[in-house]
Amino acid sequence: RPLLEVMDLVKTYGEGEAETRVLKGLDLQLETGELAALLGPSGSGKSTLLAILGTLMKPSSGKHVMLGEDLTKASDRDLTEFRNRHIGFVFQFHHLLPDFTALENVIFPSAVRAGRETWAARERGRELLARVGLEKRMDFLATKLSGGQKQRVAIARALMNQPELVLADEPTGNLDRGSATQVMELIAEINQNEKTTFLISTHDEKIADTCRRRIRVSDGLVE
Ligand code: ADP
Ligand code: ADP
């Protein structure tokens, strides 16, 4: 069975005269271990789709199943728990806490959720930072890191809870070509080694070409 599946997904914003239909009955399946780029012009609904796949927003109608669970029927509380266990996020802007170190940034979100910071979590944070090539910079404040390094910290943070799926919204959008390539190489390596599934929105065809699958969204549907 696929890792996730959405069927006939519809999302509208606003009401009455102001109603805009953004997703118009979109179907998509992702298999475990895929590395997929999500392409489409600005305004085509990529962020909306990522927000729904990430359980951050509910569709207006349609079905959303992941790991065999019908998420369209889940309560908000169950969705939060599902998200924390199974989904990691990387954004265009890294959203690191500036006054905290790389390591603290990686472990804080899961520590907050767990209500405490465990020794095991700290070890996992260290391991992840080593994996993204930042073993020598774990204790640097976020503000002292380059753009590419910050995005690698954000990737380590997204992997903290061993998610099956990582959703990345324009993760290289704010980086120069060299750093963007490095970030994509890192994502490909993690995808290979851990079977973590990645869905990466981008409007950069060169970035999309580094992914094994390209999914094009156009006018609220997958082409
Ligand atoms: P993309 O990520 O492909 O640029 P989005 O999903 O961000 O597309 O947006 C798709 C369309 O939905 C755009 O026309 C945008 O203006 C509109 N939209 C997005 N979010 C909202 C919102 N919260 N309220 C109303 N319209 C929105
Ligand atoms: P808690 O979950 O209550 O925070 P931990 O399991 O993280 O407790 O750790 C308890 C103590 O044992 C900590 O002081 C930590 O340094 C130590 N500890 C835990 N696991 C190991 C380990 N594998 N090797 C060495 N010390 C450890």
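All ligand and atom numbering here is 1-based and tracks the order in the structure. Note that the coordinates shown come from a computational prediction; the quantities given were computed from them, not determined experimentally.
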Peer 1: Protein heavy atom under 4.0 angstrom of atom 10 (C) of ligand 1, is there one?
Peer 2: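 Yes; the ligand atom in question has protein heavy-atom contact below 4.0 Å.
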Peer 1: Tell me if the CZ atom of R85 is crowded by more than 12 foreign heavy atoms within 6.0 Å.
Peer 2: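 Atom CZ in R85 is not packed in, count stays at 12 or less.
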Peer 1: To the nearest 0.5 Å, what is the distance between CG (L35) and CZ (R212)?
Peer 2: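 Nearest 0.5 Å value for the CG-CZ distance: 5.5 Å.
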Peer 1: Please identify which atoms of ligand 1 are closer than 4.0 Å to at least one heavy atom of S42.
Peer 2: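 By the 4.0 Å cutoff, the relevant atoms are 4 (O).
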Peer 1: Side chain, backbone, both or neither: which part of T48 comes within less than 4.0 Å of ligand 1 when only heavy atoms are counted?
Peer 2: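 Both backbone and side chain.
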Peer 1: On a heavy-atom basis, which atom in M160 and which in R124 lie closest, and how many Å separate them?
Peer 2: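 Taking every non-hydrogen atom into account, O-NE, 2.8 Å.
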Peer 1: Using a distance threshold of 4.0 Å (strictly less than), state whether atom 4 (O) of ligand 1 has a protein heavy-atom neighbour.
Peer 2: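 Yes, there is one.
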Peer 1: Taking distance alone, with no angle check, do S44 and ligand 1 share an N/O pair under 3.5 Å?
Peer 2: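 Looking only at distances, the answer is yes, because the N/O contact criterion of under 3.5 Å is met.
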Peer 1: Which of the atoms in ligand 1, numbered in the order shown and given with their element, are less than 4.0 Å from a heavy-atom of S47?
Peer 2: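 Contacts of ligand 1 toward S47, numbered from 1: 1 (P), 2 (O), 6 (O), 7 (O).
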Peer 1: Measure from the side-chain N and O atoms of T172 to the backbone N and O of L175, and report whether any donor-acceptor pair falls under 3.5 Å.
Peer 2: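 Not confirmed, T172 side chain does not pair with L175 backbone.
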Peer 1: Check the pair L79 / K58 against side-chain contact (heavy atoms from CB on, under 4.5 Å), numbers first and verdict last.
Peer 2: CA-CA 10 Å; L79 284 181; K58 287 197 169 171; 3.5 Å; yes
Peer 1: For ligand 1, is any non-hydrogen atom under 4.0 Å from P41's backbone (N, CA, C, O), its side chain (CB onward), both, or neither?
Peer 2: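 The answer is the backbone of P41.
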Peer 1: Given T55, which partner from the list H64, H86, R83 fulfils the side-chain hydrogen bond (donor to acceptor under 3.5 Å, both in side chains) test?
Peer 2: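 Among H64, H86, R83, the one meeting side-chain hydrogen bond (donor to acceptor under 3.5 Å, both in side chains) with T55 is R83.
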Peer 1: Check each of G220, G43, S218 against atom 14 (O) of ligand 1 and report the one with the nearest heavy atom.
Peer 2: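 Answer by nearest heavy atom: G43.
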Peer 1: How far does CE of M66 sit from CZ of F82, to the nearest 0.5 angstrom?
Peer 2: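 The distance works out to 4.5 Å.
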Peer 1: In ligand 1, which numbered atoms sit nearer than 4.0 Å to a non-hydrogen atom of G45?
Peer 2: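 Answer for ligand 1: 1 (P), 3 (O), 5 (P), 6 (O), 8 (O), 10 (C).
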Peer 1: Tell me whether V22 has any N or O atom under 3.5 angstrom from an N or O of ligand 1.
Peer 2: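 No - when backbone and side-chain N and O of V22 are compared with those of ligand 1, no distance drops under 3.5 Å.
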Peer 1: Among all protein heavy atoms, pick out the one at the shortest distance from atom 19 (C) of ligand 1; state its residue, atom name and that distance to 0.1 Å.
Peer 2: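 For atom 19 (C) of ligand 1, the nearest protein heavy atom comes out as Y13 CE1, 3.4 Å.
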Peer 1: Out of curiosity, E223 CD to S44 OG, how far, rounded to the nearest 0.5 Å?
Peer 2: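 If we round to the nearest 0.5 Å, E223:CD and S44:OG are 9.5 Å apart.
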